[in-house]
Amino acid sequence: QLAIAAETGADIIVFPEDRISGLAVSDMKLYAEELPNLDDIVGKTIVPCTMAAAAATPVLQALSCMARKHGVAVIANMPDRDASTGKLYNTDVAFDTDGRLLMKYHKQHLFFERQFTPGATAPSHPPVFRTSFGVTFGMCTCYDILFVNPCHQTVLEHGATDLVFPTAWMNAGPLLYSTIIQQSFSAIMNVNVLAANAHLPLFGFTGSGIYGAGGNPLATYLSQDATGGRMLLAKLSSDRSASEAGPAFSLPPLPVTDVNVMATDVTSPLYNYTFVSAGATHSKSCQNGFCCSLEYSLTLRGDEHFALGAYDQLKTDQPVKFHMQACAVVKCAGPTLESCAGANPTATAESAFAHFEVSATFDVSVDKTRMYPVLMVSGGQLVDWTRGNVAFSNQPVSDANTSGHAWSLKVTTLTQVTAAGLWAHPVIRA
């Protein structure tokens with residue numbers, strides 16, 4: 001894959017999370033290496049490919065040699081074992097085009113990863129690095145993207161113009177699909193995003209993409225085809241002006257023998273749904289006192305049905321604990337409200353909204369909670385947010401009945417929509 005990327009003139013390649021070790025293996029220690037300390041990496045010149053001592057870390061050395069041989073910066077994910085404590089960390093590593101180790105990052109926000117220890121919330125160096133071709137990248141892993149620290153901080157506080165994002169993301173409807181979240185981060189942070197997801201669609205893992213700043217989906221792949229994945233290529237500009245798509249290359253299927261399905265319940269059945277009717281212009285749905293509103297003009301085509309769902313849940317009964325609020329407009333699987341629980345964002349749709357604005361007042365701290373506007377259309381495709389017909393806004397609200405922030409997602413002329421809305425994670429009271 002790296003050789004193909006080099007032949008096309010690529011400057012950097014990003015590999016998925018957990019693909020060196022495998023997903024959910026029984027003993028991660030077998031795949032872990034004792035990587036150099038962070039303070040010995042940043043600002044130093046460590047080229048494992050040329051160091052005899054690096055033979056003790058053969059995977060790290062091989063990655064360095066691959067980068068050096070092909071002149072391509074390499075981002076990969078592997079287990080790191082702390083020499084003094086024996087603790088294991090889910091770790092991203094970044095190599096420059098000469099094989100120099102630029103950065104390592106320990107994933108902070110683990111998701112059903114019981115063999116790993118969470119990374120430090122305030123490491124000695126933030127997960128940001130600058131390559132020989134002059135681009136400053138932030139780096140974080142999978143579930144991290146939903147938190148201010150570290151993903152958003154790489155942009156807000158440390159000057160990253162691009163984000164590299166190894167992930168093993170298991171999609172969950174209606175809003176938690178990998179490419180939706182990747183695009184949303186690019187849009188709200190106004191940065192380029194290079195996201196590589198494990199492709200194991202039988203288990204829900206699929207969806208990679210390259211996004212120009214502002215949410216421009218230059219190259220994406222979200223497919224249930226289990227015969228193989230894709231390597232995506234795009235030209236990105238750090239000055240936001242000259243990004244363009246490139247070709248996609250087919251890849252062989254990945255082994256699936258080491259995968260355990262990890263069930264989550266942030267899914268359609270837990271939403272409270274209200275139908276969105278073609279003859280009306282307003283719909284409202286509430287759950288636990290949290291209410292979502294939709295102002296719209298809808299032309300239904302074929303036997304299609306839409307609903308507005310509200311979600312307000314505090315989950316404490318599983319290893320990953322969170323409070324999330326969300327508003328979702330979905331194309332239902334059938335004519336009943338119960339069928340809306342089976343909404344699939346990758347389904348096909350033909351209906352059109354001449355006006356679409358979903359809004360809600362979220363009871364959150366705007367400084368600690370991330371808001372994600374999400375939008376997917378027929379066949380799992382994404383809308384280019386940079387074309388000017390998508391607006392995302394918020395304003396503080398404080399009165400006798402409500403305190404929080406009112407957020408809205410407004411789209412003019414939205415056709416073939418299958419899932420759209422807003423969601424907040426984690427909900428941290430102001």
Novice: Can you measure from CD (Q182) to CZ (F165) and round to the nearest 0.5 angstrom?
Specialist: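 Nearest 0.5 Å value for the CD-CZ distance: 6.5 Å.
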
Novice: Looking at R68 and D98, would you say the former's side chain and the latter's main chain have a donor-acceptor pair under 3.5 Å?
Specialist: yes

Novice: Say whether, by atom type as modelled, one donor and one acceptor occur between the side chain of T346 and the main chain of G380 under 3.5 angstrom.
Specialist: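 No: the side chain of T346 does not pair with the backbone of G380.
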
Novice: Take atom NZ of K44 as the centre, draw a 6.0 Å sphere, and report whether it contains more than 12 heavy atoms from other residues, nucleotides or ligands.
Specialist: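 Above 12, so yes.
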
Novice: Taking A56's backbone N and O only, do any of them form a donor-acceptor pair with E33's side chain (distance below 3.5 Å, no angle check)?
Specialist: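 A pair under 3.5 Å: no.
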
Novice: Anything under 30° is parallel, anything over 60° is perpendicular, the rest tilted; go ahead and classify Y143 against F111.
Specialist: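 Ring orientation of Y143 relative to F111: perpendicular.
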
Novice: Between T154 and L163, is there a side-chain heavy-atom distance shorter than 4.5 Å?
Specialist: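 Yes; the side chains approach each other to less than 4.5 Å.
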
Novice: For the backbone of F147 and the side chain of H152, can you confirm whether one donor and one acceptor N or O come within less than 3.5 Å of each other?
Specialist: yes

Novice: Which atoms form the tightest heavy-atom contact between T206 and S178, and what is the distance?
Specialist: O-OG, 2.7 Å

Novice: With a 4.5 Å limit on heavy-atom distance, are the side chains of H109 and C142 in contact?
Specialist: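 Side chain of H109 against side chain of C142, heavy atoms only: no contact under 4.5 Å found.
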
Novice: Apply the test side-chain hydrogen bond (donor to acceptor under 3.5 Å, both in side chains) to residues T227 and D225: give CA-CA distance (whole Å), side-chain angles for both, the deciding distance (0.1 Å), then the verdict.
Specialist: CA-CA 6 Å; T227 61; D225 183 358; 2.6 Å; yes

Novice: Can you find a pair of side-chain heavy atoms, one from Y221 and one from H199, that are under 4.5 Å apart?
Specialist: yes

Novice: Is a side-chain N or O of N288 found less than 3.5 angstrom from the main chain of D312, in a donor-acceptor match?
Specialist: yes

Novice: Using the benzene-type ring in the case of Trp, are the ring centres of F205 and F203 under 6.0 Å apart?
Specialist: no

Novice: What distance separates L102 CG from T97 OG1, expressed to the nearest 0.5 Å?
Specialist: 8.5 Å

Novice: Passes side chain to side chain contact (heavy atoms under 4.5 Å, CB included), T141 versus T91? Steps please.
Specialist: CA-CA 8 Å; T141 316; T91 306; over 6 Å; no

Novice: Considering non-hydrogen atoms only, spot the tightest contact between A32 and R81 and give its length.
Specialist: O-NH1, 3.2 Å

Novice: Look up atom CZ in F362 and atom CZ in F290, then write down how far apart they are to the nearest 0.5 Å.
Specialist: 4.0 Å

Novice: Could you verify whether a donor N or O on one side chain and an acceptor N or O on the other, from D39 and H125, lie under 3.5 Å apart?
Specialist: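 D39 vs H125: donor-acceptor pair found between side chains.
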
Novice: Closer than 3.5 angstrom, by distance alone: can the side chain of S208 be matched with the main-chain N or O of N197 as a donor-acceptor pair?
Specialist: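 Checked: pair present.
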
Novice: Take N171 and L176 through the side chain to side chain contact (heavy atoms under 4.5 Å, CB included) test and state the conclusion after the steps.
Specialist: CA-CA 6 Å; N171 296 316; L176 291 177; over 6 Å; no

Novice: Side chain to side chain contact (heavy atoms under 4.5 Å, CB included), that's the test. Do V193 and I210 meet it? Break it down for me.
Specialist: CA-CA 6 Å; V193 172; I210 303 174; over 6 Å; no

Novice: Evaluate D80 against K104 for salt bridge (charged side-chain N to carboxylate O under 4.0 Å, His left out), listing each step before the verdict.
Specialist: CA-CA 9 Å; D80 181 13; K104 78 169 183 179; 2.7 Å; yes

Novice: Does F185 reach the side chain of C151, with side-chain heavy atoms less than 4.5 Å apart?
Specialist: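 Contact flag for F185/C151 side chains = yes.
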
Novice: Can you find a pair of side-chain heavy atoms, one from V135 and one from R130, that are under 4.5 Å apart?
Specialist: no

Novice: Indicate the atoms forming the closest heavy-atom contact of P345 with P174, along with that distance.
Specialist: CG-O, 3.2 Å

Novice: When the aromatic ring centroids of F116 and Y89 are compared, is their separation below 6.0 Å?
Specialist: no

Novice: Answer yes or no: is there a side-chain heavy-atom contact under 4.5 Å between L88 and K29?
Specialist: yes

Novice: For the OG1 atom of T274 and the CG atom of L337, what is their distance to the nearest 0.5 Å?
Specialist: 7.0 Å

Novice: Under 6.0 Å between ring centres, would you say that holds for F392 and W407?
Specialist: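 Centroid distance F392-W407: below 6.0 Å, so yes.
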
Novice: For Q313 and Q287, test the side chains for any donor-to-acceptor distance below 3.5 angstrom and give the result as yes or no.
Specialist: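 Looking only at side-chain atoms, Q287 and Q313 do form a donor-acceptor pair, the distance falling under 3.5 Å.
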
Novice: Taking the two cysteines C292 and C286, do their sulfur (SG) atoms come closer than 2.5 angstrom to each other?
Specialist: no

Novice: Specify the closest pair of heavy atoms between L382 and L375, including all atoms of both residues, with the distance to one decimal.
Specialist: CD2-O, 3.7 Å

Novice: Work out which heavy atom in P217 is nearest to a heavy atom in Q183; give both atom names and the distance.
Specialist: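 That closest heavy-atom pairing would be CD-NE2, 3.8 Å.
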
Novice: Which heavy atom in D144 sits nearest to a heavy atom in Q108, and how many Å separate them?
Specialist: OD1-N, 3.4 Å

Novice: To the nearest 0.5 Å, tell me how far Y105 OH sits from I41 CD1.
Specialist: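 It comes to 14.5 Å.
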
Novice: Is the side chain of S285 donor-acceptor paired with the backbone N or O of N272 at a distance under 3.5 Å, no angle test?
Specialist: yes

Novice: Should V417 and M376 be marked as a side chain to side chain contact (heavy atoms under 4.5 Å, CB included) after you check the CA-CA gap, both sets of side-chain angles, and the distance that decides it?
Specialist: CA-CA 6 Å; V417 65; M376 184 168 277; over 6 Å; no

Novice: Let me confirm one number: the CG-CG distance from D18 to L23, rounded to the nearest 0.5 Å.
Specialist: 4.5 Å

Novice: Given 3.5 Å as the limit, does a donor-acceptor pair link the side chain of Q61 with the main chain of P48, or not?
Specialist: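 Yes.
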
Novice: Please test S393 against S408 for side-chain hydrogen bond (donor to acceptor under 3.5 Å, both in side chains), starting from the C-alpha separation and ending with a verdict.
Specialist: CA-CA 6 Å; S393 62; S408 70; 3.1 Å; yes

Novice: With distance as the sole criterion, is a donor-acceptor pair present between the side chains of T131 and D96 under 3.5 Å?
Specialist: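 D96 and T131 do not have a side-chain donor-acceptor pair below 3.5 Å.
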
Novice: Sub-3.5 Å donor-acceptor pair from the side chain of N90 to the main-chain atoms of K107, do we have one?
Specialist: no

Novice: So V191 and D162, do their side chains get closer than 4.5 Å, heavy atoms only?
Specialist: no

Novice: Has the side chain of E357 got a donor or acceptor atom that lies under 3.5 Å from a matching backbone atom of K410?
Specialist: no

Novice: Are V148 and Q153 packed together at the side-chain level, in the sense that at least one heavy-atom pair is separated by less than 4.5 angstrom?
Specialist: yes

